[in-house]
Amino acid sequence: MNNPYLLSVVVPVFNEADSIDLFINRIFSVFSNQTKFVWELIFVNDGSVDETLGNLLNHQVHYPQIKVIDLSRNFGKEAAITAGLELAHGNAVVVMDVDLQDPPELILSMLDKWQAGFEVVLACRTNRDSDSWLKRISANYFYRIHNILSSPKIPSNVGDFRLMDRAVVEALKKLPETHRFMKGLFSWVGFKTTTINYSRPKREAGTSKFNGWKLWNFAIEGLTSFSTEPLRIWTYIGLVVSLSSFLFALFIAVRVLISGIDVPGYASIMVAVTFLGGLQLIGIGVLGEYMGRTYIESKRRPIYIVRKIFEHTKP
Ligand code: UDP
Ligand code: MG
């Protein structure tokens, strides 16, 4: 390509006052000497309550590349990414975290792959040493279970850090759902995809915004957004349970015929009652999960609300 193309970098930030200076210094030093592309850096302030917005605006006034979308409250990372993608104009768009766990240097290799014809370039972490033991194990199981139940599959060890062609971004913008499990949506749209490996470093500053409970809910979100198997499985569990109780009833009847009236078994009745009760509650819970989702989607609320966009006016 001879004409410089436009690269958009979308960065969601939530209470990241300590990370912003480091991030901006690093990405500007990576991109300063190149002439192949012009670029814009879009920060989405996801309702931070610390100095994040002030810090961002201090930089924004000096650099015409920087745009800041200020959301009206914390809508979550998925919604923040959606907001960023909607404002990005680039021929290629990169989504990344602000904490430098996604090294900006990698973007240059992603761009090479993109120019070689790939529409999606994923960054795959070859080690998760920077994650806790529990997070590694649970992530591993999440990907496995998700990929058994849902299609299309999502690649494991791939986060939101990726480059997308304009066509991919346009496709994503057409997906209207309020519940946005971005990893699932990204793979749902398809396109010609390749992967580059990197080893994920530790956070440079600040703390992780995802604790165990948030991640658990995130996993449920992922499963129920992309699979209806958990609903159907109850048909089979129900069939198996009722078939076994029917066989058990037969067994009791035959035993009574052969050896006369039995002493009634308190224990077996309690087990049957509590087991079936539990099973029913789980079944209702699964139904509730999906019903809640339908309810929320049916309101058709916007995914995020913008308070203000800060950008340099074009000359
Ligand atoms: N983030 C966000 N909204 C949220 C939570 C997180 O925009 O509600 C941003 C956060 O500022 C960071 C990125 O998402 O840029 C990844 O968050 P974090 O590093 O805490 O996640 P981890 O790397 O621990 O999975
Ligand atoms: Mg991080």
Side-chain angles (χ1 to χ4, degrees), residues 8-27 41-56 59 66-88 93-104 106-107 122-140 142-143 154 156-162 178-183 185-186 198-219 221-222 303-307:
S8 306
V9 179
V10 170
V11 190
V13 287
F14 174 48
N15 293 344
E16 299 281 7
D18 298 338
S19 305
I20 285 164
D21 294 358
L22 293 167
F23 177 81
I24 289 182
N25 287 341
R26 176 99 162 259
I27 196 162
L41 178 54
I42 302 176
F43 288 102
V44 185
N45 177 32
D46 187 15
S48 305
V49 292
D50 63 357
E51 294 305 306
T52 299
L53 183 65
N55 276 6
L56 285 173
H59 291 285
I66 300 184
K67 296 178 182 174
V68 178
I69 311 179
D70 188 26
L71 301 186
S72 62
R73 63 170 171 87
N74 179 251
F75 282 89
K77 186 182 178 189
E78 315 291 300
I81 293 177
T82 308
L85 291 180
E86 251 155 62
L87 201 83
V93 180
V94 169
V95 177
M96 68 193 300
D97 293 355
V98 76
D99 55 9
L100 292 172
Q101 287 194 288
D102 302 336
L106 215 65
I107 296 177
L122 306 175
C124 175
R125 22 191 196 242
T126 47
N127 75 36
R128 299 184 68 116
D129 292 352
S130 57
D131 286 340
S132 72
W133 168 84
L134 192 66
K135 191 165 173 183
R136 279 204 298 262
I137 304 240
S138 52
N140 190 358
F142 168 71
Y143 286 116
I154 52 177
S156 50
N157 293 324
V158 169
D160 293 320
F161 187 26
R162 64 187 61 220
T178 315
H179 280 277
R180 299 187 84 75
F181 178 66
M182 288 313 284
K183 285 183 189 144
L185 297 181
F186 284 145
Y198 76 112
S199 125
R200 189 166 167 89
K202 281 204 172 31
R203 231 179 198 278
E204 289 279 332
T207 50
S208 174
K209 308 292 176 292
F210 291 91
N211 56 27
W213 180 240
K214 230 175 156 182
L215 283 172
W216 167 252
N217 284 320
F218 190 54
E221 176 94 40
I303 298 160
Y304 57 85
I305 293 175
V306 175
R307 178 183 292 120

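Remember, it's 1-based here, ligands and their atoms both numbered in the order they're listed.
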CG of Asp18 to CZ of Phe23, rounded to nearest 0.5 Å, is 15.0 Å
On a heavy-atom basis, the closest approach of Pro12 and Met96 is CD-O, 3.3 Å
Going by the 4.0 angstrom heavy-atom rule, the piece of Asp46 near ligand 1 is side chain
Rounded to the nearest 0.5 angstrom, the CZ-CG distance for Arg125 and Asp102 is 8.0 Å
heavy-atom search around atom 25 (O) of ligand 1 in the protein gives Lys135 NZ, 3.2 Å
- Query: Distance-only, no hydrogens or angles: does the Arg162 side chain make a donor-acceptor pair with backbone N or O of Leu122 under 3.5 Å?
  - Reply: no
Looking only at protein heavy atoms, what sits closest to atom 10 (C) of ligand 1 is Glu16 OE2, 3.1 Å
To the nearest 0.5 Å, atom CG of Asp21 lies from atom CG of Asn55 at 5.5 Å
for atom 20 (O) of ligand 1, nearest protein heavy atom and its distance come out as Lys209 N, 2.5 Å
In this structure, CD1 of Ile303 is separated from CZ of Phe75 (nearest 0.5 Å) by 10.5 Å
Review point. Is a side-chain donor or acceptor of Thr52 paired with a backbone partner of Glu16 at a separation under 3.5 angstrom?
Key: yes
Is any N, O or S atom of Asp97 under 2.8 Å away from the Mg ion (ligand 2)?
no
Checking heavy-atom distances from atom 19 (O) of ligand 1 to each of Asp99, Leu71, Val11, Val13, the winner is Asp99
Of all protein heavy atoms, the one nearest atom 23 (O) of ligand 1 is Gln101 OE1, 2.8 Å
Distance col, row Asn15:CG vs Asn45:CG, nearest 0.5 angstrom, shows 8.5 Å
Heavy atoms of Arg73 and Asp46 approach each other most closely as O-OD1, 3.6 Å
Among the N/O/S atoms of Asp99, the Mg ion (ligand 2) lies closest to OD2
If you compare Leu100, Asp97, Leu215 by their heavy atoms, the one closest to atom 16 (C) of ligand 1 turns out to be Asp97
dist Ile107:CD1 -> Phe161:CZ (nearest 0.5 Å) comes out at 5.0 Å
Q | Close N or O approach (Ala80, ligand 1; < 3.5 Å) | A | no
min-distance protein heavy atom vs atom 14 (O) of ligand 1 -> Lys77 CD, 3.3 Å
heavy-atom search around atom 21 (O) of ligand 1 in the protein gives Phe210 CD1, 3.3 Å
In ligand 1, the atoms that come under 4.0 Å of a heavy atom of Val98 are 15 (O)
Atom 8 (O) of ligand 1: closest protein heavy atom, distance to 0.1 Å, is Asn74 ND2, 3.1 Å
In this structure, atom 7 (O) of ligand 1 is nearest to the protein heavy atom Pro12 CB, 3.3 Å
